Amino acid sequence: MTIRIGALKGSSWVEFAGVVAAYLLIVFVLCPGNSLVGFPVHRDDFSNLAFDADSLRAVWSGAYPPRPVSSLALTALSVAGLPVYYFSLHALVVLYVFLSMTVLREVLGARPMPLLFAFLVGAAALSFECVVEYSKYTGLITNLLSGVFAMGAMSLMVAELKRSRDGTILRAPAITAIWVLCALSFWSKEDFILPTIVVAVYLACEARWKSSAERPVQVRWTVLAGGIVLLAMLLGVYNRFGHSAFTQAGAGPYKADFGPVSVLHMAANYLFMSPVAGMAAALQASTLIWNVLTPTPVRWMRLLLVQALIVLFALPYCFLPNHIALYYDFNWTVWQIGSALILLWNLSDRSAVGWAVAIIAVGCVAIGQPGRHNIAEWYRNAGQVNRNVVAALGNNSQILRPYRAVVIEGAPFLGPFASSGRFLSMRYGLDHDWIVRVPKNSEYLRTTLQLLGTNVQGRVRTVAMEDEPRPTGVPVLRLAPDGTGVLDLPGVAIKESDRVRIGKLHPDSTTVGGKFQVQPNGQSALAIEGANFQPGSIILFDGREIQTTYGNPRFITALVPDEFFSHRGVVKVNVLNPNGDVSQKMDFKVLSNADSK
């Protein structure tokens, strides 16, 4: 017996349950080890999770605080705590997908979706590689807030138009609710302004052309659309007078380029930035073909409206050639994939259509799985490193309490010291001045200077270890790559059995200009066997620090600059531990070619 999928009933609650189930599958089942509550990784994370009333007052101290709704939301969620903040990210992703599917189903005139179909469409819409990032990167909450509020406004608009066809006039409470949602969306982030306006204007025109009611319906829809346009204009004036760093930038990542070549280049980048992005674009294009071939096509004006909205979702990012990120594709891939599957579902209630939808959904999920798994793994590892850093500080918090300043060496590139230090103070009571010592040519220092224009942010000062020696009388926390660390207090006696010692150099000699143990970057490498090496140990050549890699307590290596073996002689080699202990010196001989024969 053939089961017709169209015979199954659906409702909004059923569709919501399908999206929730799809989210659990994509984010947790297919990415095992992905935690419900994340831990901050990015610079923005540590700043966003340190918001409190004082932070909000600082943001609002100016006449035009940027993105005020987002600022309020960041503060409220930060004060509520990490579990609430991260749970809200999960919830907003689910709501964005569910509300987008609701709008698409109403615009395309599709039947209600049963649970299985809602699950398949939801899984496909959530198959984008960066969906896990939306549940981990707190900076993306501005996108999610703006998107959810905009989808909420669109959902109300299409629902009210459906009611008006039955002779019910557009209700004043609905108009007010739509305006409020639009204002919340626009003042969270500017991404969804144009799509929301286009939906309102289109539905107002449709109400005027096709409503059975007369002037009252037309007037109310015109007032609704006019109010949304007015809200957008008010935001434009607000941003202009407030010199918004996001919309009025004359330089930096938010400087807009409206040149056609730049816009087309950016559009092509976003279309094919990942496998799922490319598949979503193909599915979007296929809807036009399907609608031509089917005997029961969707109204072309409605289908072209969806196509236009997808373009408008992407358009703001096509103007920002210096601000490119894969995760922004999520704004429109949900619509690209969702519209294609909902349209296909609506072509027929035959089982073959159901199988086609299932195959496409499984294909989307499979194509995006490697990317999602890698991103989830990266966030898990980076988050664990930062958990270890915070644990190392927390375990020594009582010991560190008397000291105003603490030196950090080996800090992770993305970690708590990449922000102002307020996160550590607010969350863990670690109220210190942090001196972060990093190599002069490190990405850490370069990025800090590029982003901030200074090496000081709040109570964190980042310095080049070659230019600034360790301050005396200050504790030093030396961190290993996994975030664990060793704390060295000033003036603490070191037991003889714990002293660092060199046993053997590998090699212990070379000829003038003769490279040894050459690495892929062309530099020579020296290995040292010994005892009591610590994470952060440094090999000294004639008293100069060289780039050192910690292996274990008995083995370390370093890259040796060519200048140390450019002439005949003896170089004195020893090891400096983070606790200030220094090993005995051993000779590294540079022989002439005649000596080596």
Side-chain angles (χ1 to χ4, degrees), residues 407 409-411 413 436-449 455 462-472 476 478-481 486 488 494 496 498-597:
V407 172
E409 296 184 353
F413 174 62
V436 182
R437 298 180 75 242
V438 295
K440 191 172 186 177
N441 63 347
S442 64
E443 183 184 6
Y444 193 117
L445 186 59
R446 284 196 306 272
T447 303
T448 298
L449 295 175
N455 68 327
T462 307
V463 300
M465 58 175 54
E466 294 90 342
D467 296 339
E468 185 166 324
R470 294 187 188 90
T472 57
V476 178
R478 297 303 299 265
L479 297 170
V486 176
D488 305 307
I494 301 171
E496 190 62 34
D498 293 334
R499 287 197 173 276
V500 61
R501 297 186 300 279
I502 296 177
K504 188 174 179 57
L505 306 182
H506 300 280
D508 60 4
S509 65
T510 189
T511 57
V512 174
K515 289 181 175 290
F516 46 93
Q517 300 186 135
V518 180
Q519 302 302 297
N521 64 1
Q523 284 191 274
S524 299
L526 176 82
I528 298 181
E529 288 185 70
N532 298 321
F533 300 136
Q534 297 175 346
S537 293
I538 296 172
I539 296 175
L540 306 176
F541 263 48
D542 279 343
R544 283 181 52 188
E545 297 181 2
I546 61 175
Q547 187 176 339
T548 306
T549 301
Y550 174 79
N552 58 55
R554 297 179 299 280
F555 185 80
I556 55 175
T557 61
L559 297 176
V560 183
D562 294 352
E563 63 187 273
F564 286 108
F565 51 91
S566 61
H567 55 276
R568 183 175 180 273
V570 175
V571 179
K572 297 295 184 181
V573 180
N574 61 341
V575 176
L576 172 65
N577 262 358
N579 60 2
D581 188 23
V582 183
S583 73
Q584 85 280 18
K585 293 181 180 180
M586 294 191 72
D587 292 344
F588 179 81
K589 299 174 183 177
V590 182
L591 308 173
S592 67
N593 291 324
D595 293 336
S596 63
K597 294 180 180 178

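Keep in mind it's a predicted model, so treat the numbers as computed, not measured.
When side chains are defined from C-beta on, E529 does not count as touching R554, because their heavy atoms never get closer than 4.5 Å. Here the side chains of L449 and N455 are in contact, with some heavy-atom distance below 4.5 Å. Counting only heavy atoms from C-beta outward, the side chains of D508 and M586 never approach each other to under 4.5 Å. Side-chain contact between V500 and F533: present, with at least one pair of heavy atoms (C-beta onward) separated by less than 4.5 Å. Under the 4.5 Å side-chain criterion, counting only non-hydrogen atoms from C-beta, N521 is in contact with L559. Side-chain contact between V486 and D488 is present, with at least one heavy-atom pair separated by less than 4.5 Å. With contacts defined as side-chain heavy-atom distances shorter than 4.5 Å, the pair D498/Q534 does not qualify.
Here the closest heavy-atom approach between residue S537 and residue T548 is recorded as O-CG2, 3.3 Å. Heavy-atom minimum distance, R446 versus N441: NH1-O, 2.5 Å. Scanning both residues, V590 and V571, for their nearest heavy atoms gives CG2-CG2, 4.5 Å. Nearest heavy atom pair, residue Q519 against residue A525, reads NE2-CB, 3.4 Å. Contact detail for V476 and R478: the closest heavy-atom pair is CG1-CD, 3.5 Å. Shown here for A558 and I546, the closest heavy-atom pair between the two residues is CB-CD1, 3.6 Å.
For the pairing with F565, the side-chain contact (heavy atoms from CB on, under 4.5 Å) check across V512, V560, T511 returns one residue only, V560.
A donor-acceptor contact shorter than 3.5 Å links the side chain of K515 to the backbone of G522. Side-chain atoms of S524 come within 3.5 Å of backbone N or O of F516 as a donor-acceptor pair. Here the side chain of R437 pairs no donor or acceptor atom with the backbone of E409 at under 3.5 angstrom. With hydrogens and angles ignored, the 3.5 Å screen pairs a side-chain donor or acceptor of D542 with a backbone N or O of K572. Although no hydrogens or angles enter the test, the distance criterion places a donor-acceptor pair under 3.5 Å between the side chain of Q584 and the main chain of I502. Counting only distance, with no hydrogens or angles, the side chain of Q517 and the backbone of H506 share a donor-acceptor pair below 3.5 Å.
Here CD1 of I539 is found 3.5 Å from CD1 of I528. Values are rounded to the nearest 0.5 Å. Residue N574 holds its CG atom at 15.0 Å from CZ of R501, rounded to the nearest 0.5 Å.
Counted within 6.0 Å of CD on Q547, heavy atoms from surrounding residues, nucleotides or ligands total 12 or fewer; the atom is thus considered open.
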- Start with the C-alpha distance between M465 and V438, add both sets of side-chain angles, then the distance that settles side-chain contact (heavy atoms from CB on, under 4.5 Å), and finish with yes or no. CA-CA 6 Å; M465 58 175 54; V438 295; 5.6 Å; no
- salt bridge (Lys or Arg N to Asp or Glu O under 4.0 Å) assessment of R499 paired with E496: CA-CA 5 Å; R499 287 197 173 276; E496 190 62 34; 3.6 Å; yes
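Using the six-membered ring where Trp is involved, F541 and F564 have ring planes that are perpendicular, over 60° apart on the 30 and 60° scheme.
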